[in-house]
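Have a look at the structure below, then the notes.
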Amino acid sequence: MLQRVRSLMALSQPLESFFSPPEGVRGLKELDKSLFHKKVTLPVVRVPAEKTSAFRKNFSKEMLKTPEIKTIQAVPASESEKLLLLSPSQSLTETQEDWIVQNGGTLTAHETSIEYRDYPIKSILKSILPLNEDPPLAYEIIGHIAHYNLKEHHLPYKNIIGEVLLSKQSGIKTVVNKTDRIDETFRTFHMELMAGEDNTVTTVSENGCRFKFDFAKVYWNSRLGTEHGRVINQLKPKDIALDMFAGVGPFSIPAAKKGVTVFANDLNPHSYSALVDNSKRNSVGIKCYNLDGREFIDETREKVQGLLVSEPSARLHVIMNLPAIAYQFLNCFRGYYNSIVKEDNTDSHSSTSQPNKLLASPPLIHCYLFSKSAEPEKDVLQIVEDELGCGLSSFECHFVRKAAPNKAMMRLTFPYPESLLLTRGEKRSIQEVGGTENGDQVGSIAKRNCLADQ
Ligand SMILES: C[S@@+](CC[C@H](N)C(=O)[O-])C[C@H]1O[C@@H](n2cnc3c(N)ncnc32)[C@H](O)[C@@H]1O
(Lines give C-alpha, C1' and ligand atoms only; values in the text may rest on other atoms or scores of the structure.)
Protein backbone atom coordinates (compact mmCIF):
# COMPACT_ATOMS: atom_id res chain seq x y z
CA MET A 1 0.00 0.00 0.00
CA LEU A 2 2.80 2.40 0.93
CA GLN A 3 4.29 1.90 -2.52
CA ARG A 4 0.91 2.62 -4.13
CA VAL A 5 0.49 5.79 -2.11
CA ARG A 6 3.99 6.91 -3.06
CA SER A 7 3.15 6.42 -6.71
CA LEU A 8 -0.08 8.41 -6.25
CA MET A 9 2.03 11.27 -4.94
CA ALA A 10 4.11 11.51 -8.07
CA LEU A 11 1.54 13.32 -10.18
CA SER A 12 2.91 14.24 -13.57
CA GLN A 13 0.03 16.52 -14.70
CA PRO A 14 -0.79 19.95 -13.18
CA LEU A 15 -3.04 19.72 -10.14
CA GLU A 16 -5.64 21.97 -11.80
CA SER A 17 -6.22 19.56 -14.69
CA PHE A 18 -6.25 16.58 -12.31
CA PHE A 19 -9.34 18.07 -10.65
CA SER A 20 -10.92 19.71 -13.68
CA PRO A 21 -14.22 18.33 -15.07
CA PRO A 22 -14.09 15.35 -17.46
CA GLU A 23 -12.98 16.18 -21.01
CA GLY A 24 -16.39 14.93 -22.26
CA VAL A 25 -18.07 18.22 -21.29
CA ARG A 26 -16.09 20.27 -23.82
CA GLY A 27 -18.38 21.97 -26.33
CA LEU A 28 -21.51 21.33 -24.24
CA LYS A 29 -24.34 23.74 -25.15
CA GLU A 30 -26.96 22.51 -22.66
CA LEU A 31 -26.15 21.98 -19.02
CA ASP A 32 -26.17 18.30 -17.97
CA LYS A 33 -24.74 18.16 -14.46
CA SER A 34 -24.36 14.36 -14.49
CA LEU A 35 -21.61 14.67 -17.12
CA PHE A 36 -19.40 16.37 -14.55
CA HIS A 37 -19.18 13.30 -12.31
CA LYS A 38 -15.60 12.15 -11.90
CA LYS A 39 -13.71 9.72 -9.63
CA VAL A 40 -10.19 10.40 -8.40
CA THR A 41 -7.91 8.36 -6.16
CA LEU A 42 -5.95 10.40 -3.68
CA PRO A 43 -3.32 9.77 -1.03
CA VAL A 44 -4.85 10.18 2.45
CA VAL A 45 -3.90 9.74 6.06
CA ARG A 46 -6.44 8.07 8.33
CA VAL A 47 -5.89 9.93 11.57
CA PRO A 48 -7.29 9.50 15.08
CA ALA A 49 -10.06 12.13 15.27
CA GLU A 50 -8.59 13.78 18.38
CA LYS A 51 -5.24 14.27 16.63
CA THR A 52 -6.68 15.90 13.50
CA SER A 53 -5.30 19.35 14.26
CA ALA A 54 -1.81 18.01 15.06
CA PHE A 55 -1.78 16.18 11.71
CA ARG A 56 -3.15 19.20 9.91
CA LYS A 57 -0.39 21.36 11.40
CA ASN A 58 2.34 18.88 10.53
CA PHE A 59 1.21 18.36 6.94
CA SER A 60 0.00 21.85 6.09
CA LYS A 61 2.29 21.93 3.05
CA GLU A 62 1.36 18.46 1.79
CA MET A 63 -2.41 18.78 2.39
CA LEU A 64 -4.74 18.97 -0.58
CA LYS A 65 -5.79 22.56 -1.27
CA THR A 66 -8.37 22.65 -3.99
CA PRO A 67 -11.83 24.21 -4.00
CA GLU A 68 -13.38 21.01 -5.38
CA ILE A 69 -12.70 18.69 -2.43
CA LYS A 70 -12.84 19.08 1.34
CA THR A 71 -9.41 18.45 2.86
CA ILE A 72 -10.68 16.82 6.05
CA GLN A 73 -13.40 14.24 5.58
CA ALA A 74 -15.35 11.92 7.82
CA VAL A 75 -14.62 8.20 7.66
CA PRO A 76 -17.86 6.35 6.92
CA ALA A 77 -18.98 4.34 9.97
CA SER A 78 -16.08 5.48 12.13
CA GLU A 79 -16.42 8.50 14.37
CA SER A 80 -13.01 7.92 15.93
CA GLU A 81 -11.14 8.62 12.69
CA LYS A 82 -10.86 11.34 10.07
CA LEU A 83 -9.38 11.41 6.60
CA LEU A 84 -6.74 14.01 5.87
CA LEU A 85 -6.46 14.32 2.09
CA LEU A 86 -2.98 14.91 0.70
CA SER A 87 -2.05 16.58 -2.52
CA PRO A 88 -0.98 14.19 -5.27
CA SER A 89 1.56 16.79 -6.34
CA GLN A 90 3.50 16.63 -3.05
CA SER A 91 5.70 13.85 -1.69
CA LEU A 92 6.43 12.76 1.88
CA THR A 93 9.85 12.21 3.43
CA GLU A 94 10.61 8.99 5.32
CA THR A 95 10.62 11.01 8.55
CA GLN A 96 7.09 12.21 7.82
CA GLU A 97 5.94 8.66 7.05
CA ASP A 98 7.41 7.52 10.39
CA TRP A 99 5.71 10.41 12.22
CA ILE A 100 2.35 9.29 10.80
CA VAL A 101 2.80 5.75 12.12
CA GLN A 102 4.10 6.91 15.52
CA ASN A 103 1.02 9.10 15.95
CA GLY A 104 -1.50 6.39 15.16
CA GLY A 105 -2.14 7.36 11.54
CA THR A 106 -2.22 5.19 8.42
CA LEU A 107 -1.12 6.29 4.98
CA THR A 108 -3.52 4.91 2.42
CA ALA A 109 -5.31 5.57 -0.89
CA HIS A 110 -8.86 6.88 -1.05
CA GLU A 111 -11.25 7.03 -3.96
CA THR A 112 -13.52 10.04 -3.93
CA SER A 113 -15.97 11.42 -6.45
CA ILE A 114 -16.26 14.99 -7.66
CA GLU A 115 -19.67 16.23 -8.75
CA TYR A 116 -20.90 19.32 -10.62
CA ARG A 117 -21.58 21.11 -7.32
CA ASP A 118 -17.92 20.73 -6.30
CA TYR A 119 -16.41 22.64 -9.24
CA PRO A 120 -15.99 26.42 -9.16
CA ILE A 121 -17.59 28.40 -12.03
CA LYS A 122 -14.25 29.16 -13.64
CA SER A 123 -13.26 25.52 -14.01
CA ILE A 124 -16.73 24.54 -15.32
CA LEU A 125 -16.73 27.25 -17.98
CA LYS A 126 -13.12 26.57 -18.91
CA SER A 127 -13.90 22.90 -19.47
CA ILE A 128 -16.97 23.68 -21.62
CA LEU A 129 -15.48 26.37 -23.87
CA PRO A 130 -13.05 25.48 -26.66
CA LEU A 131 -9.55 24.66 -25.42
CA ASN A 132 -7.44 27.67 -24.32
CA GLU A 133 -10.37 30.10 -24.50
CA ASP A 134 -10.70 32.32 -21.43
CA PRO A 135 -14.10 32.00 -19.75
CA PRO A 136 -16.14 35.18 -19.19
CA LEU A 137 -15.77 35.86 -15.48
CA ALA A 138 -16.84 39.52 -15.24
CA TYR A 139 -20.49 40.36 -14.81
CA GLU A 140 -22.47 42.99 -12.96
CA ILE A 141 -25.20 42.13 -10.47
CA ILE A 142 -28.29 44.34 -10.37
CA GLY A 143 -30.76 42.87 -7.87
CA HIS A 144 -31.72 39.42 -9.18
CA ILE A 145 -30.14 40.14 -12.59
CA ALA A 146 -26.62 39.23 -13.69
CA HIS A 147 -25.46 41.25 -16.65
CA TYR A 148 -22.67 40.08 -18.98
CA ASN A 149 -20.95 41.89 -21.79
CA LEU A 150 -19.95 38.78 -23.76
CA LYS A 151 -17.26 38.73 -26.41
CA GLU A 152 -18.12 37.50 -29.90
CA HIS A 153 -16.51 34.07 -29.40
CA HIS A 154 -18.55 33.40 -26.24
CA LEU A 155 -21.89 33.93 -27.99
CA PRO A 156 -22.41 30.31 -29.15
CA TYR A 157 -22.17 29.33 -25.46
CA LYS A 158 -24.25 32.18 -24.04
CA ASN A 159 -27.09 29.96 -22.80
CA ILE A 160 -24.92 27.46 -20.98
CA ILE A 161 -22.78 30.28 -19.52
CA GLY A 162 -26.02 31.76 -18.14
CA GLU A 163 -27.19 28.36 -16.84
CA VAL A 164 -23.89 27.77 -15.04
CA LEU A 165 -24.04 31.17 -13.37
CA LEU A 166 -27.68 30.61 -12.32
CA SER A 167 -26.73 27.28 -10.77
CA LYS A 168 -23.77 28.68 -8.85
CA GLN A 169 -24.66 32.22 -7.78
CA SER A 170 -27.45 32.32 -5.25
CA GLY A 171 -29.93 35.17 -5.60
CA ILE A 172 -29.54 35.40 -9.39
CA LYS A 173 -32.72 34.58 -11.30
CA THR A 174 -32.08 36.26 -14.65
CA VAL A 175 -28.90 36.36 -16.73
CA VAL A 176 -28.68 38.85 -19.60
CA ASN A 177 -26.11 39.87 -22.17
CA LYS A 178 -25.63 43.36 -23.55
CA THR A 179 -26.27 43.12 -27.29
CA ASP A 180 -26.04 46.66 -28.55
CA ARG A 181 -24.29 49.98 -28.11
CA ILE A 182 -25.58 52.17 -25.34
CA ASP A 183 -28.49 54.48 -26.22
CA GLU A 184 -26.72 57.86 -26.23
CA THR A 185 -29.60 59.79 -24.68
CA PHE A 186 -31.08 57.55 -22.02
CA ARG A 187 -27.86 55.58 -21.41
CA THR A 188 -29.74 52.27 -21.70
CA PHE A 189 -28.71 49.32 -23.88
CA HIS A 190 -30.40 46.39 -25.57
CA MET A 191 -30.02 43.06 -23.88
CA GLU A 192 -30.85 39.43 -24.56
CA LEU A 193 -31.82 36.74 -22.10
CA MET A 194 -29.09 34.14 -21.58
CA ALA A 195 -30.84 32.07 -18.90
CA GLY A 196 -33.50 32.19 -16.21
CA GLU A 197 -36.65 34.29 -15.88
CA ASP A 198 -37.42 36.88 -18.54
CA ASN A 199 -37.91 39.59 -15.91
CA THR A 200 -35.84 42.77 -15.82
CA VAL A 201 -37.84 44.59 -13.14
CA THR A 202 -35.64 44.44 -10.09
CA THR A 203 -35.00 45.99 -6.70
CA VAL A 204 -31.60 47.01 -5.34
CA SER A 205 -30.31 48.68 -2.18
CA GLU A 206 -27.81 51.50 -2.25
CA ASN A 207 -26.76 54.07 0.35
CA GLY A 208 -29.52 52.98 2.71
CA CYS A 209 -32.35 53.26 0.15
CA ARG A 210 -34.33 50.79 -1.99
CA PHE A 211 -34.70 51.33 -5.73
CA LYS A 212 -37.11 49.47 -8.00
CA PHE A 213 -36.81 49.82 -11.78
CA ASP A 214 -36.85 48.02 -15.10
CA PHE A 215 -33.19 47.48 -15.92
CA ALA A 216 -34.05 47.14 -19.62
CA LYS A 217 -35.59 50.63 -19.74
CA VAL A 218 -33.55 52.86 -17.43
CA TYR A 219 -29.94 53.56 -16.54
CA TRP A 220 -28.48 51.87 -13.49
CA ASN A 221 -24.83 51.16 -12.70
CA SER A 222 -24.06 49.26 -9.52
CA ARG A 223 -20.43 50.37 -9.74
CA LEU A 224 -21.42 53.96 -8.95
CA GLY A 225 -22.72 53.28 -5.43
CA THR A 226 -19.58 54.60 -3.71
CA GLU A 227 -19.46 57.69 -5.90
CA HIS A 228 -23.14 58.42 -5.23
CA GLY A 229 -22.32 58.15 -1.52
CA ARG A 230 -19.37 60.54 -1.85
CA VAL A 231 -21.53 63.29 -3.31
CA ILE A 232 -24.41 62.65 -0.90
CA ASN A 233 -21.91 63.07 1.95
CA GLN A 234 -21.15 66.59 0.75
CA LEU A 235 -24.79 67.62 1.15
CA LYS A 236 -26.07 68.88 4.48
CA PRO A 237 -29.63 68.85 5.81
CA LYS A 238 -31.53 71.92 4.52
CA ASP A 239 -29.24 72.20 1.47
CA ILE A 240 -30.96 72.21 -1.90
CA ALA A 241 -30.08 69.76 -4.66
CA LEU A 242 -30.89 70.02 -8.35
CA ASP A 243 -30.34 66.53 -9.77
CA MET A 244 -30.43 67.34 -13.48
CA PHE A 245 -30.01 63.77 -14.83
CA ALA A 246 -31.43 61.89 -11.89
CA GLY A 247 -32.12 58.45 -13.35
CA VAL A 248 -34.15 56.45 -10.82
CA GLY A 249 -32.83 58.56 -7.93
CA PRO A 250 -29.53 57.16 -6.55
CA PHE A 251 -28.35 60.69 -5.60
CA SER A 252 -31.74 62.28 -4.97
CA ILE A 253 -33.42 59.76 -2.71
CA PRO A 254 -30.61 59.26 -0.15
CA ALA A 255 -30.06 63.05 -0.19
CA ALA A 256 -33.74 63.70 0.53
CA LYS A 257 -33.58 61.10 3.28
CA LYS A 258 -30.94 63.17 5.07
CA GLY A 259 -33.05 66.31 4.92
CA VAL A 260 -31.90 67.91 1.67
CA THR A 261 -34.61 69.61 -0.41
CA VAL A 262 -34.39 67.79 -3.72
CA PHE A 263 -35.55 68.69 -7.21
CA ALA A 264 -34.91 65.68 -9.44
CA ASN A 265 -35.29 65.38 -13.18
CA ASP A 266 -34.91 62.83 -15.96
CA LEU A 267 -35.88 63.02 -19.61
CA ASN A 268 -36.54 59.28 -19.85
CA PRO A 269 -40.22 58.74 -18.92
CA HIS A 270 -39.42 55.29 -17.47
CA SER A 271 -36.73 56.79 -15.21
CA TYR A 272 -39.12 59.54 -14.18
CA SER A 273 -41.83 57.01 -13.21
CA ALA A 274 -39.30 54.95 -11.25
CA LEU A 275 -38.04 58.14 -9.57
CA VAL A 276 -41.55 59.05 -8.41
CA ASP A 277 -42.19 55.48 -7.30
CA ASN A 278 -38.85 55.21 -5.47
CA SER A 279 -39.39 58.43 -3.56
CA LYS A 280 -42.68 56.97 -2.25
CA ARG A 281 -40.99 53.63 -1.57
CA ASN A 282 -38.42 55.41 0.61
CA SER A 283 -40.96 57.80 2.14
CA VAL A 284 -39.22 60.96 0.98
CA GLY A 285 -40.74 64.03 -0.63
CA ILE A 286 -38.93 64.92 -3.86
CA LYS A 287 -40.10 67.27 -6.55
CA CYS A 288 -39.79 65.16 -9.72
CA TYR A 289 -39.66 66.41 -13.31
CA ASN A 290 -39.65 64.75 -16.72
CA LEU A 291 -37.95 67.48 -18.75
CA ASP A 292 -34.83 68.23 -20.69
CA GLY A 293 -32.12 69.38 -18.25
CA ARG A 294 -32.23 73.00 -19.48
CA GLU A 295 -36.00 73.29 -19.12
CA PHE A 296 -35.72 71.75 -15.67
CA ILE A 297 -33.33 74.49 -14.53
CA ASP A 298 -35.64 77.21 -15.89
CA GLU A 299 -38.75 75.54 -14.48
CA THR A 300 -37.35 75.25 -10.94
CA ARG A 301 -35.42 78.53 -10.85
CA GLU A 302 -37.99 80.64 -8.99
CA LYS A 303 -38.74 77.99 -6.38
CA VAL A 304 -35.03 77.37 -5.77
CA GLN A 305 -34.27 81.06 -5.46
CA GLY A 306 -37.17 81.49 -3.03
CA LEU A 307 -35.77 78.70 -0.87
CA LEU A 308 -32.25 80.12 -0.99
CA VAL A 309 -33.49 83.54 0.10
CA SER A 310 -35.62 82.16 2.93
CA GLU A 311 -32.93 79.74 4.18
CA PRO A 312 -29.64 81.69 4.02
CA SER A 313 -27.55 78.81 5.40
CA ALA A 314 -28.70 76.47 2.62
CA ARG A 315 -26.24 75.64 -0.15
CA LEU A 316 -27.41 74.87 -3.66
CA HIS A 317 -25.81 71.74 -5.17
CA VAL A 318 -26.23 70.86 -8.83
CA ILE A 319 -25.62 67.22 -9.72
CA MET A 320 -24.93 66.57 -13.39
CA ASN A 321 -24.28 62.90 -14.09
CA LEU A 322 -24.49 62.61 -17.86
CA PRO A 323 -20.75 62.37 -18.47
CA ALA A 324 -20.79 62.51 -22.28
CA ILE A 325 -22.49 65.90 -22.50
CA ALA A 326 -23.22 67.27 -19.00
CA TYR A 327 -20.68 70.10 -19.39
CA GLN A 328 -22.75 71.46 -22.28
CA PHE A 329 -25.54 72.23 -19.79
CA LEU A 330 -23.32 74.42 -17.61
CA ASN A 331 -24.44 77.55 -19.43
CA CYS A 332 -27.94 77.06 -17.92
CA PHE A 333 -26.68 78.94 -14.89
CA ARG A 334 -25.50 82.04 -16.69
CA GLY A 335 -27.53 84.85 -15.19
CA TYR A 336 -29.20 82.43 -12.75
CA TYR A 337 -29.44 85.19 -10.10
CA ASN A 338 -30.30 88.05 -12.50
CA SER A 339 -33.96 88.17 -11.51
CA ILE A 340 -33.07 88.47 -7.82
CA VAL A 341 -30.89 91.48 -8.56
CA LYS A 342 -33.71 93.16 -10.49
CA GLU A 343 -36.16 92.67 -7.62
CA ASP A 344 -33.71 93.62 -4.90
CA ASN A 345 -33.96 97.30 -3.90
CA THR A 346 -31.20 97.34 -1.29
CA ASP A 347 -27.77 98.70 -1.99
CA SER A 348 -26.17 96.01 -4.14
CA HIS A 349 -22.81 96.71 -2.48
CA SER A 350 -24.18 95.95 0.96
CA SER A 351 -23.27 92.51 2.26
CA THR A 352 -26.87 92.09 3.43
CA SER A 353 -28.38 92.57 -0.03
CA GLN A 354 -29.99 89.38 -1.37
CA PRO A 355 -27.62 88.93 -4.33
CA ASN A 356 -24.57 89.33 -2.11
CA LYS A 357 -25.90 86.84 0.42
CA LEU A 358 -26.49 84.36 -2.40
CA LEU A 359 -23.21 85.05 -4.13
CA ALA A 360 -21.33 84.41 -0.91
CA SER A 361 -22.20 80.77 -1.46
CA PRO A 362 -22.66 80.16 -5.20
CA PRO A 363 -24.13 76.85 -6.47
CA LEU A 364 -21.72 73.97 -6.04
CA ILE A 365 -21.62 72.07 -9.33
CA HIS A 366 -20.86 68.33 -9.39
CA CYS A 367 -20.29 67.77 -13.09
CA TYR A 368 -19.32 64.36 -14.53
CA LEU A 369 -17.21 64.05 -17.65
CA PHE A 370 -15.45 61.37 -19.69
CA SER A 371 -11.84 61.78 -20.68
CA LYS A 372 -9.65 59.75 -22.99
CA SER A 373 -6.62 61.89 -22.20
CA ALA A 374 -3.48 60.60 -20.49
CA GLU A 375 -4.04 63.50 -18.07
CA PRO A 376 -7.78 63.34 -17.40
CA GLU A 377 -7.70 65.92 -14.57
CA LYS A 378 -6.21 68.59 -16.83
CA ASP A 379 -8.44 67.55 -19.70
CA VAL A 380 -11.78 67.84 -17.88
CA LEU A 381 -10.79 71.12 -16.24
CA GLN A 382 -9.96 72.48 -19.69
CA ILE A 383 -13.30 71.30 -21.11
CA VAL A 384 -15.26 72.97 -18.31
CA GLU A 385 -13.25 76.20 -18.39
CA ASP A 386 -13.66 76.40 -22.15
CA GLU A 387 -17.37 75.84 -21.79
CA LEU A 388 -17.73 78.53 -19.11
CA GLY A 389 -15.34 80.83 -20.89
CA CYS A 390 -13.31 81.49 -17.75
CA GLY A 391 -10.89 79.85 -15.36
CA LEU A 392 -12.03 78.19 -12.12
CA SER A 393 -10.49 79.56 -8.96
CA SER A 394 -11.31 76.49 -6.90
CA PHE A 395 -12.34 72.96 -7.81
CA GLU A 396 -12.00 69.34 -6.79
CA CYS A 397 -11.29 66.83 -9.53
CA HIS A 398 -12.09 63.23 -8.73
CA PHE A 399 -11.40 60.06 -10.74
CA VAL A 400 -14.60 58.00 -10.51
CA ARG A 401 -13.91 54.85 -12.55
CA LYS A 402 -12.60 53.51 -15.81
CA ALA A 403 -15.59 53.43 -18.16
CA ALA A 404 -13.47 51.66 -20.82
CA PRO A 405 -9.77 50.74 -20.99
CA ASN A 406 -8.84 54.21 -22.26
CA LYS A 407 -11.78 56.22 -20.96
CA ALA A 408 -11.97 57.68 -17.45
CA MET A 409 -15.14 58.90 -15.79
CA MET A 410 -14.30 62.02 -13.77
CA ARG A 411 -16.17 64.39 -11.47
CA LEU A 412 -15.33 68.07 -11.32
CA THR A 413 -16.84 69.77 -8.28
CA PHE A 414 -16.62 73.57 -8.25
CA PRO A 415 -18.52 76.70 -7.19
CA TYR A 416 -20.19 78.19 -10.25
CA PRO A 417 -18.28 81.42 -11.06
CA GLU A 418 -20.09 84.28 -9.28
CA SER A 419 -19.71 86.68 -12.15
CA LEU A 420 -21.58 84.35 -14.51
CA LEU A 421 -24.50 84.09 -12.11
CA LEU A 422 -25.23 87.77 -12.68
CA THR A 423 -24.12 87.97 -16.27
CA ARG A 424 -26.24 89.59 -18.93
CA GLY A 425 -24.48 87.48 -21.57
CA GLU A 426 -26.65 85.30 -23.78
CA LYS A 427 -26.86 81.58 -23.19
CA ARG A 428 -24.93 79.75 -25.88
CA SER A 429 -26.10 76.68 -27.74
CA ILE A 430 -24.14 73.43 -27.98
CA GLN A 431 -23.17 74.12 -31.59
CA GLU A 432 -21.67 77.50 -30.71
CA VAL A 433 -19.25 76.00 -28.21
CA GLY A 434 -18.11 73.23 -30.51
CA GLY A 435 -19.44 70.11 -28.75
CA THR A 436 -21.57 67.37 -30.26
CA GLU A 437 -24.50 65.51 -28.71
CA ASN A 438 -22.39 62.37 -28.30
CA GLY A 439 -19.89 64.32 -26.27
CA ASP A 440 -17.02 64.53 -28.75
CA GLN A 441 -15.07 67.74 -28.58
CA VAL A 442 -14.74 69.11 -32.09
CA GLY A 443 -13.16 72.38 -31.15
CA SER A 444 -12.82 74.69 -28.23
CA ILE A 445 -13.54 78.31 -27.54
CA ALA A 446 -10.88 80.64 -26.25
CA LYS A 447 -10.77 81.10 -22.50
CA ARG A 448 -12.17 84.50 -21.53
CA ASN A 449 -12.23 86.44 -18.34
CA CYS A 450 -15.57 85.90 -16.57
CA LEU A 451 -15.96 89.55 -15.62
CA ALA A 452 -15.40 90.76 -19.16
CA ASP A 453 -18.36 88.71 -20.26
CA GLN A 454 -20.93 90.63 -18.21
C1 LIG B 1 -25.65 58.44 -16.70
S2 LIG B 1 -27.35 58.44 -16.30
C3 LIG B 1 -27.25 58.92 -14.59
C4 LIG B 1 -28.41 58.48 -13.78
C5 LIG B 1 -28.23 58.67 -12.27
N6 LIG B 1 -28.03 60.04 -11.92
C7 LIG B 1 -27.08 57.83 -11.76
O8 LIG B 1 -26.11 58.38 -11.25
O9 LIG B 1 -27.15 56.60 -11.85
C10 LIG B 1 -27.91 59.88 -17.13
C11 LIG B 1 -29.41 60.10 -17.09
O12 LIG B 1 -29.69 61.31 -17.81
C13 LIG B 1 -30.91 61.17 -18.51
N14 LIG B 1 -30.88 62.17 -19.61
C15 LIG B 1 -30.27 62.08 -20.80
N16 LIG B 1 -30.39 63.23 -21.50
C17 LIG B 1 -31.08 64.08 -20.71
C18 LIG B 1 -31.51 65.42 -20.84
N19 LIG B 1 -31.24 66.13 -21.94
N20 LIG B 1 -32.18 65.99 -19.84
C21 LIG B 1 -32.46 65.28 -18.71
N22 LIG B 1 -32.10 64.00 -18.52
C23 LIG B 1 -31.41 63.40 -19.50
C24 LIG B 1 -30.91 59.72 -18.95
O25 LIG B 1 -32.22 59.26 -19.18
C26 LIG B 1 -30.23 59.02 -17.76
O27 LIG B 1 -31.18 58.54 -16.85
Side-chain angles (χ1 to χ4, degrees), residues 140 142-143 147 178 181-190 202 204-207 209-235 241-256 260 262-279 286-300 317-333 365-370 398 400-401 403-404 407-411 413 427 429-431 435-439:
E140 190 187 343
I142 308 101
H147 159 226
K178 175 176 169 181
R181 284 193 67 224
I182 201 153
D183 172 292
E184 290 296 346
T185 307
F186 293 156
R187 311 293 299 161
T188 54
F189 49 81
H190 296 287
T202 195
V204 300
S205 293
E206 193 184 277
N207 292 310
C209 297
R210 298 279 288 162
F211 300 90
K212 187 175 179 192
F213 52 85
D214 187 340
F215 183 54
K217 294 185 178 151
V218 304
Y219 177 89
W220 180 269
N221 188 336
S222 301
R223 297 190 185 102
L224 289 180
T226 309
E227 171 60 15
H228 292 144
R230 263 187 222 112
V231 171
I232 294 158
N233 279 340
Q234 295 190 37
L235 312 185
L242 285 172
D243 192 356
M244 222 191 236
F245 313 107
V248 302
F251 288 113
S252 290
I253 288 167
V260 174
V262 178
F263 296 80
N265 173 66
D266 203 284
L267 189 58
N268 179 349
H270 299 289
S271 298
Y272 167 76
S273 304
L275 185 62
V276 173
D277 176 56
N278 286 326
S279 57
I286 288 181
K287 290 145 209 77
C288 300
Y289 299 79
N290 181 208
L291 298 170
D292 170 75
R294 282 187 184 76
E295 290 173 48
F296 166 65
I297 297 305
D298 283 344
E299 178 73 24
T300 51
H317 292 258
V318 183
I319 303 168
M320 304 172 70
N321 183 13
L322 181 58
I325 56 170
Y327 67 93
Q328 295 171 358
F329 289 74
L330 286 170
N331 58 16
C332 293
F333 293 92
I365 310 287
H366 307 273
C367 183
Y368 290 86
L369 298 104
F370 287 133
H398 182 80
V400 179
R401 58 182 284 266
K407 189 173 172 186
M409 177 179 174
M410 310 290 293
R411 168 172 43 86
T413 290
K427 286 183 193 172
S429 68
I430 290 169
Q431 286 72 22
T436 64
E437 278 295 344
N438 68 11

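Numbers here simply count residues along the sequence, with the first being 1. When a ligand or atom number is given, it counts from 1 through the structure's own listing order.
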- prompt: Would you say the side-chain atoms of His228 and Glu206 include a donor-acceptor pair closer than 3.5 Å?
  reply: yes

Counting only non-hydrogen atoms and a 4.0 Å cut-off, the residues near ligand 1 are Thr185, Phe186, Arg187, Tyr219, His228, Met244, Phe245, Ala246, Gly247, Pro250, Phe251, Asn265, Asp266, Leu267, Asn268, Ser271, Leu291, Asp292, Gly293, Asn321, Leu322, Phe329

I'd like to know whether the aromatic ring centres of Tyr219 and Phe245 sit less than 6.0 Å apart in this structure.
no

Separation between CD1 (Ile319) and CG (Leu235), nearest 0.5 Å, reads 5.5 Å

Review point. Between Phe215 and Phe189, is the gap from one ring center to the other below 6.0 Å?
Key: yes

Would you say that Leu242 contacts Phe296 through its side chain, given a criterion of any heavy-atom pair below 4.5 Å between the two side chains? yes

Nearest heavy-atom approach of Gly249 to Phe211 is O-CE2, 3.3 Å

